[in-house]
Number of protein chains: 2
Amino acid sequence: MSDADALHPAQLGTYFALMEAVSLLQHAVEQQLRAEGDLSYVQFQLLAHLADARQLTMTELADGVVYSRSGLTYQAGLLEKAGLVTRGPSPDDERATLVTITEGGLALVGRVLPGHIEVVRRLLFNPLTDEDLHDLGDIMTRVRDHMRAEPPRSAAPRKPRK
Amino acid sequence: MSDADALHPAQLGTYFALMEAVSLLQHAVEQQLRAEGDLSYVQFQLLAHLADARQLTMTELADGVVYSRSGLTYQAGLLEKAGLVTRGPSPDDERATLVTITEGGLALVGRVLPGHIEVVRRLLFNPLTDEDLHDLGDIMTRVRDHMRAEPPRSAAPRKPRK
DNA sequence: TATTGTTATACTCTATAACTATA
DNA sequence: TATAGTTATAGAGTATAACAATA
């Protein structure tokens, strides 16, 4: 037995606290989005990206949202059915699909965002000082960029039977 | 229009970085757990709690894992079917179900944990200094405790039509 | 050939409500 | 009455693989 599990207790505790806190936050945020906009978090993310860019290809939209292509097609289909986005061919690349946010989509984001922010403020930022906020932003930005750069490392070294 | 959305840009950026980083981490961790132990993250969490306590009631097991009761019953059923836990009545309270981890369950946790920790170390802790680690642990512990204490605040203030 | 996106399909997970049994 | 847990069921989401079309 190696000491591969010799992660410091502090590290393990930090990891679990991080995961649990975000899990709780995500749960709260999803309730708010569902109640005020009938949106899942993923759908909100997609709309938020589109509210910023107005128009993106499926591939561009997939960046920053982890999914499989088919998952994105599914979600885009839902958003289109709800009248929040439209889909059409791209003039530049005939293979691409351009997703465009509608007025209704923009309106919905505007309607949902304040409550969303309120939840985040109450749950995440309330117990933090300005310095905490700065530290957390700095740390998580670094971690995120590091993860984005990491080679996907397809799964695991080996796969014990069963 | 109120200034309800006047969350500082720094706050919004921190929030998004946090959510995205954790999303990426969770994705990576789930792949590892699936590949090396055929477990979901939830199942791993349940087994990890049980590896620590050996025996818990369903209600105790539900603490720290957000779910609905039925969701927990479902997961416990899967773990039992896989031979990783057993379920039986409690001597203290005839209503309660005692969930006990088996030797196989303990072995599986032992087999999966090193790889799990390796992924967390590589993705989360690699780009962090000791001071970052300390800050992050301190911050997220405080946030988590704050969220746990928060009144569930059932959903949202009001629900715009549509 | 590689890339973009969709479809078909199967599966996992989660939540709600109704129900049983014990406290 | 309240609490612990299960069941039935329905719905949302995700992934894989096969496919079509364009670059």
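The sequence lines fix the lettering, A, B, ..., with proteins before strands; numbering per chain opens at 1. Values reported hereafter were calculated over all heavy atoms of this structure, with side chains retained and with hydrogens, waters and symmetry mates removed.
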Margin query: Tell me the interatomic distance from B/Q26, atom CD, to D/dT14, atom P, rounded to whole angstroms.
Written below: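 It is 12 Å, rounded to the nearest whole Å.
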
Notebook entry, point to check: For A/E80 and C/dG5, what is the distance between atoms CD and P respectively, to the nearest whole Å?
Noted result: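 In whole Å, C/dG5 P lies 14 Å from A/E80 CD.
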
Check: To the side chain of A/E94, which of D/dA23, D/dA4, C/dT4 is closest?
Finding: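 Selected nucleotide (nearest to the side chain): D/dA23.
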
Notebook entry, point to check: What pairs meet the salt bridge (Lys or Arg N to Asp or Glu O under 4.0 Å) rule with one or both residues in residues 13-28 of chain A, with sequence neighbours excluded?
Noted result: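 Qualifying pairs, neighbours excluded: A/E20-B/R144, A/E20-B/R148.
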
Checklist line | Per-nucleotide protein contact string for nucleotides 7-14 of chain C, where B marks a base within reach and S marks sugar-phosphate only (heavy atoms under 4.0 Å, - for neither) | finding: BB---SSB

Notebook entry, point to check: A/R95: what forms a side-chain hydrogen bond (donor to acceptor under 3.5 Å, both in side chains) with it, not counting sequence neighbours?
Noted result: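 Result, side-chain hydrogen bond (donor to acceptor under 3.5 Å, both in side chains) vs A/R95: A/D93.
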
Item checked: Relative orientation of the end axes in the helix from C/dT1-D/dA23 to C/dA23-D/dT1, expressed as an angle to the nearest 10° (five pairs per end) ->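 The angle, to the nearest 10 degrees, is 0°.
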
Notebook entry, point to check: Looking at residues at least two apart in the chain, or sitting in another chain, which of them share a side chain to side chain contact (heavy atoms under 4.5 Å, CB included) with A/E103?
Noted result: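 A/E103 satisfies side chain to side chain contact (heavy atoms under 4.5 Å, CB included) with A/L106 only.
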
Check: Expressed in angstrom and rounded to an integer, what is the separation of B/L72 atom CG from C/dT16 atom C1'?
Finding: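 It works out to 16 Å between those atoms.
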
Next item on the list: Return the value, rounded to whole Å, for the distance between atom CG of B/L56 and atom P of D/dG5.
Entry: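 Distance check: B/L56 CG to D/dG5 P gives 11 Å.
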
Notebook entry, point to check: What about B/V119 and B/L124, same hydrophobic cluster or not, with Ile/Leu/Val/Met/Phe/Trp/Tyr joined at side-chain heavy-atom distances under 4.5 Å?
Noted result: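 B/V119 and B/L124: one cluster.
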
Checklist line | Non-neighbouring partners of B/A107 that pass side chain to side chain contact (heavy atoms under 4.5 Å, CB included), sequence neighbours left out | finding: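 Partners of B/A107 under the side chain to side chain contact (heavy atoms under 4.5 Å, CB included) test: none.
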
Next item on the list: Can you tell me the distance, in whole Å, between the CD atom of A/E60 and the P atom of C/dT4?
Entry: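 It works out to 10 Å between those atoms.
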
Checklist line | With B/L72 via side chain to side chain contact (heavy atoms under 4.5 Å, CB included) - residues at least two apart | finding: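 For B/L72 the side chain to side chain contact (heavy atoms under 4.5 Å, CB included) partners, ignoring immediate neighbours, are B/L46, B/M58, B/L61, B/A62.
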
Notebook entry, point to check: Under the ring-ring contact (aromatic ring centres under 6.0 Å, His included) rule, what pairs show up with a residue in residues 69-102 of chain A, not counting sequence neighbours?
Noted result: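 For residues 69-102 of chain A, and leaving out neighbouring residues, there are no ring-ring contact (aromatic ring centres under 6.0 Å, His included) pairs at all.
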
Check: What pairs with A/A48 under side chain to side chain contact (heavy atoms under 4.5 Å, CB included), at least two apart in sequence or on another chain?
Finding: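 Expected list: none.
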
Next item on the list: Could you say whether A/M58 or A/R95 is positioned toward the 5' end of DNA chain C, judged by the nucleotide with the nearest heavy atom to each?
Entry: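 Nearer the 5' end of the strand: A/R95.
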
Side-chain donor-acceptor contacts of residues 76-88 of chain A below 3.5 Å, not counting sequence neighbours, with atom names and distances?
{"unit_1": "A/E80", "atom_1": "OE1", "unit_2": "A/R87", "atom_2": "NE", "d": "3.2"}
{"unit_1": "A/E80", "atom_1": "OE1", "unit_2": "A/R87", "atom_2": "NH2", "d": "3.0"}
{"unit_1": "A/E80", "atom_1": "OE2", "unit_2": "A/R87", "atom_2": "N", "d": "3.2"}

Next item on the list: Applying side chain to side chain contact (heavy atoms under 4.5 Å, CB included), run through B/H134 and B/D130 and close with a yes or a no.
Entry: CA-CA 6 Å; B/H134 173 270; B/D130 285 351; over 6 Å; no

Notebook entry, point to check: What's the CG-P distance between A/L98 and D/dT22, to the nearest Å?
Noted result: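 In whole Å, D/dT22 P and A/L98 CG are 16 Å from each other.
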
Hey, what are the protein-to-nucleotides 18-20 of chain C N/O distances that come in under 3.5 Å?
none

Next item on the list: Using whole Å, report how far CG of A/D63 lies from C1' of C/dT4.
Entry: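 Answer to the nearest Å: 13 Å.
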
Margin query: Test of understanding: with ring-ring contact (aromatic ring centres under 6.0 Å, His included), list the residues that count as partners of A/F16, not counting sequence neighbours.
Written below: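 Residues passing ring-ring contact (aromatic ring centres under 6.0 Å, His included) with A/F16: none at all.
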
